[in-house]
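Notes follow the structure.
Everything numeric in this text was worked out from a predicted model, so none of it was measured.
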Amino acid sequence: MGVDLTDLVPEHETTLVDLNGKVIAIDAFNTLYQFLSIIRQMDGTPLVDDKGEVTSHLSGIIYRVTNLVEQGIKPVFVYDGKPPVLKAETIKARREVREAARQMYEAARAAGSAEAYKYAQASTSINAQIIKDSKELLGYMGMPFLIAPSEGEAQAAYMVQKGAADFVGSQDYDSLLFGAPRMVRNVTITGRRKIPRRGVYVDVKPQIVELKEVLETLEVTREQLIDMGILVGTDFNPGIYKVGPKTALKLVKKHPDMRAILDELGQDIENYQEIREFFLHPPTTDDYSIKWGRPEPEKIRHFLCDEHNFSPERVDKVIERLDRAVSETGKQKTLSAWF
DNA sequence: CATTTTGA
DNA sequence: TCAAAATGG
C-alpha cells in the first residue's frame, strides 16, 4: 500500500494500556482494508450476510473498537475523500492487480487449492456499500468519524499537528510524510500474526513512531524524508527500481536535491514536484467536530442481527462490553473523560 | 478481527 | 487443560 520505510524508522513498542486516554485519528480505509483482508474463511471466502453483502469489516469494527474503548482509547475514524488526480495511475494499476488476483482466486477456490486464501486477500477491495455500512455501525457505536477533503492520512496528520488527536493510527508511514508528529501502528491488528512463508506466529504490538525522532535519527529534514518516500514509491508514483529505504537514505544525503539524484541514476520521476508539494501541503479541513456518544444497543442489534445475520448472542455480549467501557470511561473525572 | 470448538 | 484449528456471516 503506502510508503515503506520499515527497518529505517525508530519504533517504540507500547501496549494498548499505555494509550489510555489518547485520541487516535484512525485511517479508516487502511483499517477497513485490513479487516476485509484478514477476516475470512480458510478457503478465502469473506463473511457475508444472506443478501451476499460482505460483513467481515463489521465484525472487525465491533470487536476491535470495543477493545480499544475498553483500554480507554478514543478513536476517531478519518475516511478518504476525493482521491487526488495524482493517484489515478496507481488506482488503475491496483484495480488491474486486484482483478487478476480475483480470477486466480475463483480458479483456486474451484480447484480446492490452498492458494485460494492468498489470492482472496490480494483481491480485497472496498466498495461504497462497505464504506456506508462501516459508518452506520460506527455511528450506532457512538464513535465519531469524518471525511477528509482528500487523503485520510493527510487529514489525520493535520489533526495531530493541531492537537485534535494524539496519534495517527495506520499501518502505513505516509502520515509521517504528511507531517504527523506522532503515529501508532498495529492498533487495529494485534495478538499473533502468521508469517507468510513459514507456519510460525509472532506477537505484534502497537508501535509509536515520532516524526522528530525519525528525522533526528536519520539526520534528514522532512523534505528529505519525503524525497526518500518518493524514491521508494508512494501512492502517487511507483518508485525507482531496486531503490529501497536504505538506498534512498544514502541518496538524499549524498545529493543536494532530487535533480542531482535522478541525474546520477539516469532516471526520471513523473510529477515529482507535484507529489512533493502534495505531501508538504495536502488538502485538509477544520470543518469537523469530534464527539463521542453513548452506544445505541437496539440500533446495533437491529443493524447487525436483523440486517446482517450476526448472532444475537455474540452481539449482545459485545454490546454489553462496549456499553460498560463507555460508562466507565465517562465516569473518570480526568482530562481523558469520554464526553 | 474475535469467539468457539477441537483434539493431543 | 490449552494451544491450534475452525467458525463466524
Side-chain angles (χ1 to χ4, degrees), chain A residues 1 15-17 19 24 26-71 73 75 77 105 109 112-114 116-118 120-127 129-138 140-141 143 145 169-172 184-196 198-207 295 299-325:
Chain A
M1 264 301 258
T15 60
L16 290 184
V17 179
L19 295 170
I24 305 184
I26 297 179
D27 179 353
F29 271 59
N30 188 276
T31 302
L32 288 176
Y33 187 85
Q34 282 178 171
F35 288 155
L36 292 166
S37 169
I38 294 167
I39 304 174
R40 290 171 180 278
Q41 301 291 79
M42 292 184 304
D43 68 351
T45 319
L47 304 187
V48 290
D49 61 21
D50 58 11
K51 286 156 278 180
E53 234 183 74
V54 175
T55 57
S56 295
H57 59 306
L58 300 178
S59 186
I61 288 170
I62 186 88
Y63 286 118
R64 195 65 207 137
V65 170
T66 296
N67 227 311
L68 297 182
V69 173
E70 280 183 331
Q71 308 297 334
I73 293 168
F77 289 81
Y105 166 56
R109 194 171 50 120
S113 163
Y117 192 93
K118 123 184 142 183
Q121 280 195 317
S123 66
T124 297
S125 66
I126 296 175
N127 60 35
Q129 188 63 49
I130 285 169
I131 295 166
K132 183 169 173 282
D133 285 344
S134 70
K135 289 174 182 170
E136 191 168 347
L137 179 56
L138 287 174
Y140 298 150
M141 292 175 74
M143 299 300 131
F145 60 85
S170 180
Q171 287 306 100
D172 300 337
V184 56
R185 306 179 68 230
N186 300 343
V187 54
T188 48
I189 58 154
T190 45
R192 289 139 56 80
R193 179 192 246 184
K194 205 164 165 185
I195 298 295
R198 343 148 86 87
V200 296
Y201 286 83
V202 290
D203 276 344
V204 292
K205 292 175 179 160
Q207 299 168 338
K299 294 255 184 74
I300 297 175
R301 199 176 296 122
H302 178 259
F303 181 67
L304 291 181
C305 303
D306 299 342
E307 293 193 41
H308 296 292
N309 304 107
F310 277 64
S311 143
E313 291 76 19
R314 286 186 175 207
V315 169
D316 281 344
K317 244 188 247 179
V318 71
I319 288 174
E320 182 69 28
R321 283 172 50 207
L322 178 65
D323 207 41
R324 212 186 68 81

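dT3(B) atom P lies 10 Å from atom CZ of Arg64(A), rounded to whole Å. In this structure, CG of Leu68(A) is placed 11 Å from P of dC1(B), rounded to the nearest angstrom. To the nearest angstrom, C1' of dA2(B) lies 14 Å from CG of Leu58(A). Straight-line distance from the CD atom of Glu313(A) to the P atom of dT4(B): 10 Å, rounded to whole Å.
A donor-acceptor pair under 3.5 Å links the side-chain atoms of Arg40(A) to the main chain of Leu36(A), judged by distance alone. A side-chain donor-acceptor contact under 3.5 Å links Thr55(A) to the backbone of Leu47(A). Side chain of Lys205(A) to backbone of Asn186(A): no donor-acceptor contact under 3.5 angstrom is found. At least one donor-acceptor pair closer than 3.5 Å links the side chain of Ser56(A) to the backbone N or O of Ile39(A).
Residue Gln121(A) holds its CD atom at 7.0 Å from CD1 of Ile38(A), rounded to the nearest 0.5 Å.
Nucleic acid contact for Ser56(A): none, since no nucleic acid atom lies under 4.0 Å from a heavy atom of the residue. Within the 4.0 angstrom heavy-atom criterion, only backbone atoms of the sugar-phosphate kind lie near Asn67(A); the bases stay farther away.
Of the residues listed (Leu304(A), Leu138(A), Asn67(A)), the one engaging Ile62(A) in a side chain to side chain contact (heavy atoms under 4.5 Å, CB included) is Leu304(A), and it is the only one.
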Taking only nitrogen or oxygen atoms into account, show me every contact under 3.5 Å that the protein makes with nucleotides 7-9 of chain C, one pair per line with its distance.
| residue | atom | partner | partner atom | Å |
| --- | --- | --- | --- | --- |
| dG8(C) | N7 | Gln41(A) | OE1 | 2.8 |
| dG8(C) | O6 | Arg40(A) | O | 3.4 |
| dG8(C) | N2 | Ser59(A) | OG | 3.4 |
| dG9(C) | OP1 | Ser311(A) | N | 2.6 |
| dG9(C) | O3' | Thr55(A) | OG1 | 3.0 |
| dG9(C) | O3' | His308(A) | O | 2.5 |
| dG9(C) | N2 | Pro46(A) | O | 2.2 |
| dG9(C) | N2 | Val48(A) | N | 3.1 |
| dG9(C) | N3 | Val48(A) | N | 2.8 |
| dG9(C) | N3 | Val48(A) | O | 3.3 |

